[in-house]
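The structure appears right after this line, and notes come after that.
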Amino acid sequence: MECPRCKNADPKYFYYGSKGWYCRKCISFRRVLLDQPQQMDFLPLDVVDESYELPFSLTQPQKDISRQLLQCLQRKESVLISAVCGAGKTELVYAAIAYYLRQKKRVAFAISRRQVVLQLQERLQRDFKHLKVIAVCEGYTKELNGDLIVCTTHQLYRYYQWFDLLIIDEPDAFPYHNNEVLQAIAKSSCKGEIVYLSATPDEDLLKQVKQKELVQLQLSIRPSLRPLAMPICYRMPKSWSRIFLFFWLEKRKKQQRKCFVFFPTIRLVEIWYRVLSKWYLVGMITSKTKDKDEVMKQFAKGEIQILICTTILERGITFEGIDVLVMDAQHIVYSSSSLIQIMGRVARGTKDPSGEGVFLSQRKTERIQQCIEYIRLNNEAAFGVTKTYDTNRI
């Protein structure tokens, strides 16, 4: 016995109810009997014009990856695009999306976080003007059918064996990372090829590359053709770091620069929001924040200069000309990949690819060193130069 949705075969998770057998391992996604049809009855796909318009021209490295991706998909190969933060991973798959839609095949773009789904839906609708691009996530589940579907990975349970191309962005992010049920549901939703987009692929994805289940394409340079920003790391007692925070923010205020300040816990975010809001235009975002979308809009408009947050904003959020400060960078909540992603918020875009990233730590940690090494290796791969970075202050 096997669950067609989550591929569970462990007998202890199966239960025989009044209407038949069902799987309790994925019951949180809705109870489905094992012998009932899994696929939903959607309207047939009728794409009239799959063309797209980019707001900028792809760089030659981006064009090369886009072309190689299309060649892999034409050979029916699934792909891992391992690209540094800010490399324009989304635009790399546009040609592939158009290729599948031209053949009347179904495409989905799946992401772990709701806020990024809504942001990406607007972006894709802007670029694919003639398509009906729909968002499927919490609060947006009344309409499930469109030419191009952007959804959270959780919502893929609605689309059993439906997609010919499934693009999964940031598969190393919570809650998709290490979630066997979500990963199985994602694979069950796709009857064709899967493309994974990640700056920090996890061990499972790299294992699939070694086993030749995935083809890996690497992109180590951003469209700005500038090196990735290297974190400035300071080791100091906690009390000193709090004083440093005020000096750093005062400098940002004088320069009229927006910034993110990361704290490791919700409690610290709430405390420092109350403290800093006395002197600065401050916003706060944690997993408990109910009006996240409104706070992000205020930050984008400049109504908020400083955004205090947890690692909930470590990825998937793009602003130009942003500075970043990580408080208590030695904290266990900051993995090497999360520190890499946080630094990925710095020096993005092409209009204003500037920014500074600072780590304040009470001690030297392997995770900080791994972040520095990742950035160093990618900069060397992109520019063919070796540069020594001073890490004595860590």
Side-chain angles (χ1 to χ4, degrees), residues 84-85 111-116 152-153 169-179 182 198-205 228-242 244-245 248-249 259-276 282-290 292 295-296 299 306-317 322-346 356-375 391 393-394:
V84 295
C85 299
I111 310 158
S112 294
R113 298 186 180 181
R114 175 183 178 275
Q115 293 83 5
V116 185
T152 55
T153 50
D169 195 13
E170 304 289 5
D172 56 302
F174 175 85
Y176 187 86
H177 176 59
N178 283 339
N179 190 320
L182 264 184
S198 178
T200 51
D202 58 23
E203 293 182 3
D204 180 61
L205 288 172
L228 301 174
M230 183 65 63
I232 303 170
C233 306
Y234 298 102
R235 185 172 60 182
M236 60 181 67
K238 181 180 290 189
S239 57
W240 289 17
S241 68
R242 275 40 181 173
F244 183 98
L245 171 61
W248 190 83
L249 290 178
C259 60
F260 287 169
V261 180
F262 286 86
F263 282 92
T265 66
I266 294 175
R267 179 175 173 273
L268 284 173
V269 168
E270 293 173 342
I271 290 173
W272 281 95
Y273 170 75
R274 291 194 295 269
V275 172
L276 295 176
V282 180
M284 173 183 71
I285 289 187
T286 70
S287 59
K288 292 184 178 181
T289 305
K290 295 181 180 180
K292 297 183 183 71
V295 174
M296 295 305 296
F299 186 73
I306 302 166
L307 198 52
I308 306 174
C309 56
T310 58
T311 54
I312 192 171
L313 291 187
E314 73 180 31
R315 61 179 79 213
I317 303 299
I322 297 295
D323 295 327
V324 167
L325 178 65
V326 180
M327 301 294 293
D328 304 328
Q330 80 289 339
H331 197 282
I332 191 65
V333 75
Y334 298 118
S335 64
S336 58
S337 63
S338 68
L339 292 173
I340 291 167
Q341 291 287 348
I342 288 171
M343 279 304 301
R345 304 311 103 203
V346 180
E356 173 183 277
V358 177
F359 293 170
L360 300 185
S361 176
Q362 295 171 43
R363 62 180 181 275
K364 187 175 182 177
T365 71
E366 183 180 359
R367 298 184 298 278
I368 294 175
Q369 289 296 117
Q370 289 171 343
C371 170
I372 292 172
E373 184 68 5
Y374 170 92
I375 296 173
T391 60
R393 291 173 296 180
I394 300 174

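Only a predicted model underlies this, so the values are computations on that prediction, with no experimental measurement involved.
Checked against side chain to side chain contact (heavy atoms under 4.5 Å, CB included), N178 has no partners two or more places apart in sequence or in another chain.
Neither side chain, Q369 nor E373, offers a donor N or O lying under 3.5 Å from an acceptor on the other.
Taking the side chain as every heavy atom from C-beta outward, I322 and V346 never approach each other to under 4.5 Å. Residues L313 and M296 have side chains in contact (heavy-atom distance under 4.5 Å, counting atoms from C-beta outward). The side-chain heavy atoms of I372 and P231, taken from C-beta on, include a pair separated by under 4.5 Å. T310 places none of its side-chain heavy atoms less than 4.5 Å from the side chain of M284. Considering only heavy atoms from C-beta on, L249 comes within 4.5 Å of I306 through its side chain. With contacts defined as side-chain heavy-atom distances shorter than 4.5 Å, the pair L276/I308 qualifies. Residues Y334 and I342 have side chains in contact (heavy-atom distance under 4.5 Å, counting atoms from C-beta outward). Between M343 and C85 the shortest side-chain heavy-atom distance does not fall below 4.5 Å.
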Would you give me the side-chain donor-acceptor pairs under 3.5 Å for residues 263-272, sequence neighbours excluded?
{"unit_1": "T265", "atom_1": "OG1", "unit_2": "L268", "atom_2": "N", "d": "3.2"}

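Closest approach of I368 and C233 over heavy atoms only: CG2-SG, 4.1 Å.
Ring centers of F260 and F299: under 6.0 Å apart, within the cut-off. A distance below 6.0 Å separates the ring centres of F244 and Y234.
Side-chain N or O atoms of R345 include one that pairs as donor or acceptor with a backbone N or O of E314 at under 3.5 Å. Counting only distance, with no hydrogens or angles, the side chain of S361 and the backbone of K364 share no donor-acceptor pair below 3.5 Å.
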Stepwise, does the side-chain contact (heavy atoms from CB on, under 4.5 Å) test hold for F262 with C309?
CA-CA 5 Å; F262 286 86; C309 56; 3.6 Å; yes

Assess the residue pair E170 and I111 against the criterion (side-chain contact (heavy atoms from CB on, under 4.5 Å)); give the C-alpha distance rounded to whole Å, side-chain angles, the decisive distance to 0.1 Å, and a yes or no.
CA-CA 7 Å; E170 304 289 5; I111 310 158; 5.7 Å; no

After noting the C-alpha distance and the side-chain angles of E356 and W248, does the key distance pass the side-chain hydrogen bond (donor to acceptor under 3.5 Å, both in side chains) rule?
CA-CA 11 Å; E356 173 183 277; W248 190 83; 2.9 Å; yes

Chi angles and distances behind the side-chain contact (heavy atoms from CB on, under 4.5 Å) call for L360, V326:
CA-CA 6 Å; L360 300 185; V326 180; over 6 Å; no

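A salt bridge does not link D169 to R315: none of the charged side-chain nitrogens sits closer than 4.0 Å to a carboxylate oxygen.
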